[in-house]
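Worth knowing before you read on, the calculation uses all heavy atoms, side chains too, and leaves out hydrogens, waters and symmetry mates. Just so it is clear, the model here is predicted, and its values are computed rather than measured.
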Amino acid sequence: MLLTLADIEAAARRIDGALTRTPCLQSRTLSQLVDAEVWLKFENLQFTASFKERGALNKLLQLNADERRRGVIAMSAGNHAQGVAYHAGRLGIPATIVMPGFTPYVKVRHVRNHGARVVLEGETLAESAAKAHQMSADEGMVFVHPYDDLAVMAGQGTVALEMLEQAPHLDDMVVPVGGGGLIAGMAIAAHAKRPGLHLYGVEGELYTAMYQQMHDQPVQVGGISIAEGISVRDIGRAPMQVARQLVRDVLITSEAEIERAIVLLVEIEKTVTEGAGAAGLAALLAHKHLFQGRRVGIVLTGGNIDTRLLASVLMRGLVRDGRLARLIVTTDDAPGRLARAAGIIGTTGVNIIEVAHQRLFTLASAKSTEIEFVVEARDRAHLDELVTALGAAGLRARLAEIGI
């Protein structure tokens with residue numbers, strides 16, 4: 001192994017006191033949902049709302065005086081950037097961060113607030129990395145890689161040390177995979193401390209580089225994902241070497257499953273995670289058969305989600321659960337029809353959120369109208385009751401299906 005338990009334990013001592021020792025708590029509700037004993041490691045409660053602080057700080061604390069004077073540069077879609085920027089600013093080290101153009105604004109703002117210089121460059125992390133390496137060479141700054149760096153991997157591995165102190169009986173750990181630094185560091189620590197523990201990686205369906213490499217498939221990734229923190233094309237060489245030896249498998253989860261996990265964590269645990277941060281729970285829900293009856297630790301890796309995106313995900317969750325829907329009522333275009341439909345909706349206990357008439361963009365007769373209601377109900381069964389009631393009153397009604 002390129003990295004040892006001793007390296008990770010040294011990192012834990014080095015960063016002790018400068019980071020939050022985040023809680024690792026059992027979720028009774030999620031445990032019942034998946035028929036397993038589920039423990040959550042709340043790394044979204046770090047000061048910068050991500051585990052990335054651990055590796056960044058461990059790396060920065062090992063720079064010599066000349067390297068500190070020259071400053072550091074990193075490329076990141078956000079969380080590594082914040083970790084480097086925050087601790088570099090705290091230690092008096094100049095920091096420059098190269099971020100791809102798709103980085104959520106909340107992450108860009110936080111990095112700037114920590115005092116770092118931000119350079120927005122590239123449509124992918126690979127393009128941002130090329131720019132960062134060029135600037136490092138041109139300006140003499142130390143490059144702090146987000147995952148393919150042994151000091152960074154050692155810092156990330158401290159997550160597993162804490163989890164096994166807080167929940168020493170765990171059978172499995174489920175860890176989101178971006179470039180692989182977190183799962184590699186955790187795998188080394190976990191297998192040294194508890195050799196029989198199973199470690200699973202998690203990737204979103206659009207970026208499955210580690211899965212493809214582990215299964216000897218050509219790497220083909222790409223697309224717009226809600227989990228931008230793990231939307232990584234290239235797995236680090238060192239993390240991949242560790243993963244091949246110590247990671248049991250990589251689980252794939254869909255965009256819809258990640259959205260559902262974000263919603264469940266808000267509703268059940270009252271905690272906010274970004275897409276990557278919820279990916280572990282998404283995988284557990286999608287692959288329940290692997291974990292039934294076992295004690296499972298999940299890392300909630302980060303909580304830096306744009307508030308507008310979070311609002312959208314929560315509302316889409318209501319749509320998915322049948323609690324919010326578009327109801328289309330077709331009727332003849334005569335006075336009183338809207339009031340009649342609205343009255344029936346009211347008697348069923350369904351709440352009307354919005355109303356719109358559609359007379360032009362419809363296949364219905366020119367003498368008819370479509371009334372579109374956005375309604376709030378208890379669940380899908382309640383919506384079905386509403387459609388039945390409208391039909392019994394002689395009004396043609398249907399729910400507009402939305403594929404989310």
Side-chain angles (χ1 to χ4, degrees), residues 1-21 43 46-99 107 110-119 121 125 128-162 178-182 184-186 188-189 236-239 242 302:
M1 280 294 161
L2 300 173
L3 200 65
T4 67
L5 175 62
D7 296 321
I8 297 170
E9 290 176 332
R13 292 190 296 271
R14 196 175 289 119
I15 67 177
D16 184 43
L19 292 140
T20 301
R21 183 181 174 85
E43 284 296 290
Q46 292 290 354
F47 178 73
T48 63
S50 166
F51 75 96
K52 288 284 191 176
E53 282 190 45
R54 297 173 180 268
L57 179 57
N58 190 48
K59 175 71 173 181
L60 292 173
L61 289 174
Q62 295 180 75
L63 298 179
N64 61 39
D66 179 62
E67 290 170 329
R68 289 187 175 211
R69 178 188 57 77
R70 288 188 279 123
V72 296
I73 186 168
M75 61 85 178
S76 169
N79 288 337
H80 176 64
Q82 291 185 67
V84 172
Y86 169 60
H87 287 289
R90 193 175 60 80
L91 296 170
I93 301 172
T96 298
I97 311 295
V98 182
M99 310 181 82
K107 295 184 179 181
H110 287 166
V111 170
R112 285 179 172 148
N113 288 344
H114 293 317
R117 173 177 56 155
V118 174
V119 177
E121 180 81 21
L125 280 173
S128 299
K131 177 66 173 180
H133 280 294
Q134 176 192 335
M135 293 181 67
S136 174
D138 292 344
E139 301 181 31
M141 294 177 286
V142 177
F143 186 82
V144 181
H145 200 284
Y147 46 84
D148 204 2
D149 182 293
L150 297 183
V152 170
M153 289 166 56
Q156 320 303 33
T158 62
V159 175
L161 291 183
E162 288 185 14
L182 174 63
M186 289 186 63
I188 291 169
R237 291 183 181 180
V242 174

Undergrad: For Tyr86, check ring pair (Phe, Tyr, Trp, His ring centres under 6.0 Å) against everything at least two apart and list the hits.
TA: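 Partners of Tyr86 by the ring pair (Phe, Tyr, Trp, His ring centres under 6.0 Å) criterion, ordered by chain and then number, come out as Phe47, His114.
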
Undergrad: Hey, what do you get for CG (Asn113) to CD (Gln82), rounding to the nearest 0.5 Å?
TA: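 That separation rounds to 9.5 Å.
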
Undergrad: Rounded to the nearest 0.5 Å, what's the gap from CE on Met99 to NZ on Lys131? Could you check?
TA: 15.5 Å

Undergrad: Please name the pair of heavy atoms, one in Ala238 and one in Met153, separated by the smallest distance, quoted to 0.1 Å.
TA: CB-SD, 3.9 Å

Undergrad: Which residues pass the salt bridge (Lys or Arg N to Asp or Glu O under 4.0 Å) test with Glu139, not counting sequence neighbours?
TA: Arg117

Undergrad: List in chain and number order the residues that pass salt bridge (Lys or Arg N to Asp or Glu O under 4.0 Å) with Arg21, two or more places apart in sequence or in another chain; answer none if no residue qualifies.
TA: Glu165

Undergrad: Taking only residues two or more places apart in sequence, or in another chain, which ones meet His145 in a ring pair (Phe, Tyr, Trp, His ring centres under 6.0 Å)?
TA: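 Result, ring pair (Phe, Tyr, Trp, His ring centres under 6.0 Å) vs His145: Phe143, Tyr147.
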
Undergrad: Are side-chain heavy atoms of Leu182 and Val159 found at a separation under 4.5 Å?
TA: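 Yes, their side chains come closer than 4.5 Å.
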
Undergrad: Hey, are the side chains of Met141 and Val72 touching, using non-hydrogen atoms and a 4.5 Å cut-off?
TA: no

Undergrad: Hey, could you give me the OG1/CD1 distance between Thr4 and Ile188, rounded to the nearest 0.5 Å?
TA: 8.0 Å

Undergrad: Counting C-beta onward and ignoring hydrogens, is there a side-chain heavy-atom pair between Val98 and Ile73 closer than 4.5 Å?
TA: yes

Undergrad: In Å, rounded to the nearest 0.5 Å, how long is the span from CG of Leu150 to CG of Leu2?
TA: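 Rounded to the nearest 0.5 Å, the CG-CG separation comes to 6.0 Å.
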
Undergrad: Which atoms form the tightest heavy-atom contact between Ala132 and Met75, and what is the distance?
TA: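 That would be CB-CB, 4.0 Å.
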
Undergrad: For the residue pair Val144 and His80, what are the closest heavy atoms and their distance?
TA: O-NE2, 3.1 Å

Undergrad: Can you list everything that forms a side chain to side chain contact (heavy atoms under 4.5 Å, CB included) with Ala137? Sequence neighbours excluded, please.
TA: none

Undergrad: Which salt bridge (Lys or Arg N to Asp or Glu O under 4.0 Å) pairs, counting each pair once, include a residue from residues 2-11, with sequence neighbours left out?
TA: Glu9-Lys193

Undergrad: Check for a donor-acceptor pair, side chain of Glu67 on one end and backbone N or O of Asn64 on the other, with a separation under 3.5 Å.
TA: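 Between the backbone of Asn64 and the side chain of Glu67 there is a qualifying donor-acceptor contact (under 3.5 Å).
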
Undergrad: Does His110 have any ring pair (Phe, Tyr, Trp, His ring centres under 6.0 Å) partners at least two apart in sequence or in another chain, and if so, which?
TA: none

Undergrad: Of the non-hydrogen atoms in Met135 and Val119, which two are nearest, and what is the gap between them?
TA: CE-CG2, 4.1 Å

Undergrad: Taking only residues two or more places apart in sequence or in another chain, which ones pass side chain to side chain contact (heavy atoms under 4.5 Å, CB included) with Ala56?
TA: Val84

Undergrad: If you look at every heavy atom in Gly157 and Ala189, which pair is closest and at what distance?
TA: O-CB, 3.8 Å

Undergrad: Mind checking what makes side chain to side chain contact (heavy atoms under 4.5 Å, CB included) contact with Ala130, not counting sequence neighbours?
TA: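 Ala130: no side chain to side chain contact (heavy atoms under 4.5 Å, CB included) contacts found.
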
Undergrad: With rounding to the nearest 0.5 angstrom, report the CG to CD1 distance, Leu57 to Ile15.
TA: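 Those atoms lie 6.0 Å apart.
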
Undergrad: Could you note down all residue pairs passing salt bridge (Lys or Arg N to Asp or Glu O under 4.0 Å) where residues 146-160 supplies at least one of them, sequence neighbours left out?
TA: Lys59-Asp149

Undergrad: Let me know which of His87, Glu162, Gln156 forms a side-chain hydrogen bond (donor to acceptor under 3.5 Å, both in side chains) with Arg54.
TA: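 Single pass found, and it is Glu162.
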
Undergrad: For Ala12, what residues pass the side chain to side chain contact (heavy atoms under 4.5 Å, CB included) criterion, not counting sequence neighbours?
TA: Thr158, Leu161

Undergrad: Under the salt bridge (Lys or Arg N to Asp or Glu O under 4.0 Å) rule, collect the residues that match up with Arg70, sequence neighbours excluded.
TA: Asp66

Undergrad: Identify the heavy atoms of Asn58 and Gly155 that sit nearest to each other, and give their distance.
TA: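 Minimum heavy-atom separation between Asn58 and Gly155: ND2-N, 3.8 Å.
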
